[in-house]
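Just so we're on the same page: letters track the sequence lines, and every chain starts at 1.
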Amino acid sequence: MTLIVNILVGLGVALFGFALQTSIGGINRRVVARLQKRVGPKWYQEFIDIFKLLSKRSVSHGWIFDFGVIMALGGIIATAMFMPLTSSFSAFGTYDNFFIFVYLLAVGMLGMAMSASGSGNPWASIGVMRALTTMLAYEVPFMIVVLTIIKLSGSSSLTQIQLFQQAAGHNWFLIALPIGGIVGFLALMGMLGKKPFETYIAPGEIASGPMVEYGGKQLGMLFIMHEITVFIEVSLFVHLFLGGATNIFIFLIKYFLVYTFANLISNVNGRFKIDQVVKFFYKWPLLAAVVQAVIAIYFGWVI
Amino acid sequence: MSKEEIDRKWYEIGDFFRRNSLWLLMYCTGCCAIELPPAMTSAYDMERLGMGPMATPRQADILLVSGYLSLKTLRRLIYTYEQMSEPKYVVALGSCPINGGIYHDSHAVINQLDQYIPVDVYVAGCMPNTESVMNGFVDLMDQIKHKKAVGWKKYHENHDWYKANQIQSLGEIDVHDEFHE
C-alpha cells in the first residue's frame, strides 16, 4: 500500500518537474529576449508549443521509432520519480542515491538514441553519435568531482549530502570545493546542451540532430522528455553543490538562478565542434577535477 | 453534446494552440528572404507571437516560400511540402509566386504557385516590406481562428488536379538520382 502511495507521489514529482521547467523555460525565453533587445514570447509559450505538437498529425518510421520515444519518456519519468525536492521530501524515502540517477538517465538517453537511429536519417545518426560522445566527455570530470563530494560527506544519498552541507560548520560544496564547483557547472552546461557544448543539436549544421525526423506527437513527447531531463540535471546540481534546500521556495529560487545563469552564458557563446568539446572536457575540467580531489582528500584543504 | 460538437470543441482548442505557436520552415529562394532577419530580430520580434524558425520540414507548421521558384526548386518544394506534418500552412512572399513577378517570361520559372501547392496567405509586393510580412502572419492567425486556413485539406481533396499540374510542368516529380536514393 505504501508502495502505491510512493509511486503516486513520485509521478507527482515528475509532473511538478515538468510544469516547473516548462514555466521557467518560458520565462528564460523572455530573459534571453531582453538580452537581445526584444520583447519575447508569453511565459507559457512552451506549454502552447508542447500542446500544439501533441495536437498535430505525425508520420511513423517503423515501430522502433515509436517505441523508442515512449521508452525515452518513460525512462526519464522513472528517473524523476526518485528526485528529492528538499532535504526532507523525497518520494521513495532513502532510495535517492546519486547512482540511481546516473543509471536511470541512461535509459532515457538510449531510448532516444534507438528511436532516432530507427528513423534512418543520416543527420539523426550523426546527432546521436555526437550526443553520446559529449556524454562520454563531460561525465568523467563530473564523476570525479561527485566522488570527491561523496567521500567528504560520507554518503551517496542526495538527502544525506544536502543535510551534510546544511549542518553547522560546513559550507555549500560550491564554496567548499571552488574548483570542483566550476567543473560541476561546466559539466552541467554539457548535460543541458547549452551553447558552447550544443554540438549535438546544432540546428543550422545537422538540422537539430537526433530530432531531425520527429514531428507532431513524437516531437511533443520528446519535448516533455527534454523538460523533465533538464529538471533532473539542474536539481542534481542544486542538491550536490548548492546545499540543497530546506523548503520548496528555496529550491525554486536556487533552481531558477542556476538555470538562468546557464542560459545567459549559453546565449553569448558560439558553438564548439565535436572534437573541441571532447578535447576541452578532457583537458581543463578533468585536470581541475583531479587537482580538486587531491587537494580535498589527501591534503584535507576544504573551506 | 453530440460527438460532432465535442470533436469541433476539441478542434477549436487545438486551433488556439496552433495559431499561437507557428513554426516556420523558411524556403528562401528569392530576394524576399532579406525581409526575414528584421522580422525575427529586435526590430519586429516574431517570437512575441510565438513564431520561430525550425530546422526541418517535419517540425514546421508554415512553409514560407519567399520569392520566385524555378522548375528545379519547385520539385524540392513539393518534396518538402509533402513531408510536413498536418495541419500545415503555406505563406508566399512577394509577387513572384502570385504571377511570376519580374520573371514572368522566363522559361525556367513558374508563374503561379497556387497551381502546384495550395497557398493560404499571399504577401504581395516586390518586395513587401517587413510590416506587411508581419501582417501576413497575423492574417494567417486570423484565418486559423476562423477555420479558413484549409489549404492542406484542399490538397487532399484536389490531389489529382495538383498532381496533374505538377506533372505537366515537371514531367516527373520523383527524380531518381544519386541524391534521392
Note to self: Using 0.5 Å steps for rounding, measure from the CE atom of B/M51 to the CD atom of A/Q45.
What the structure shows: 11.0 Å
Margin query: Taking atom CG as the centre, does A/L8 end up with more than 12 heavy-atom neighbours from other residues, nucleotides or ligands that are less than 6.0 angstrom away?
Written below: yes
Margin query: Please rank A/H61, A/Q36, A/R30 by heavy-atom pairs under 4.5 Å with chain B and give me the top one.
Written below: A/H61
Item checked: Best-contacting candidate, B/Q59, B/E86, B/R58, against chain A by heavy atom pairs under 4.5 angstrom -> B/R58
Next item on the list: Let me know if A/Y44 has heavy atoms under 4.5 Å from chain B in its side chain, its backbone, both or neither.
Entry: neither
Checklist line | Evaluation steps, side chain to side chain contact (heavy atoms under 4.5 Å, CB included), between B/N20 and A/F51 | finding: CA-CA 11 Å; B/N20 281 299; A/F51 290 130; over 6 Å; no
Check: Hey, is OH on B/Y68 packed in by over 12 heavy atoms from elsewhere, all under 6.0 Å?
Finding: no
Margin query: Report which part of B/D61 has an atom under 4.5 Å of a heavy atom belonging to chain A: side chain, backbone, both, or neither.
Written below: both
Next item on the list: Answer with side chain, backbone, both or neither: which region of B/S42 has an atom nearer than 4.5 Å to a non-hydrogen atom of chain A?
Entry: both
Notebook entry, point to check: Would one find more than 12 heavy atoms of other residues, nucleotides or ligands at under 6.0 Å from atom NZ of B/K163?
Noted result: yes
Checklist line | Max heavy-atom pair count under 4.5 Å with chain B, selected residue of A/L54, A/L219, A/D49 | finding: A/D49
Check: Ion pair present between A/K37 and B/D45, side-chain N to carboxylate O less than 4.0 angstrom?
Finding: no
Checklist line | Residue part contacting chain A, namely of B/A60, when any heavy atom lies under 4.5 Å | finding: backbone
Checklist line | Atom NZ of B/K147 with >12 non-hydrogen neighbours under 6.0 angstrom | finding: yes
Note to self: I need the minimum non-hydrogen distance between B/S85 and A/G216, along with the two atoms involved.
What the structure shows: OG-N, 4.0 Å
Item checked: Atom of A/A207, atom of B/T56 and distance for their closest heavy-atom approach -> O-CG2, 3.6 Å
Notebook entry, point to check: Just by modelled atom types, is the B/S21 backbone N or O under 3.5 Å from a matching donor or acceptor in the A/K52 side chain?
Noted result: yes
Check: If you count heavy-atom pairs under 4.5 Å between each of B/W10, B/Y11, B/F16, B/F17 and chain A, which one has the most?
Finding: B/F17
Check: Does a donor on one side chain sit under 3.5 Å from an acceptor on the other, for A/S55 and B/R18?
Finding: yes
Item checked: Spacing of A/R38 atom CZ and B/Y44 atom OH [to the nearest 0.5 Å] -> 15.5 Å
Margin query: Just so I understand: if I count every heavy-atom pair under 4.5 Å between each of A/I206, A/V59, A/I50 and chain B, which residue has the most?
Written below: A/V59
Notebook entry, point to check: Looking at side-chain heavy atoms only, is the closest gap between A/P41 and B/R48 below 4.5 Å?
Noted result: no
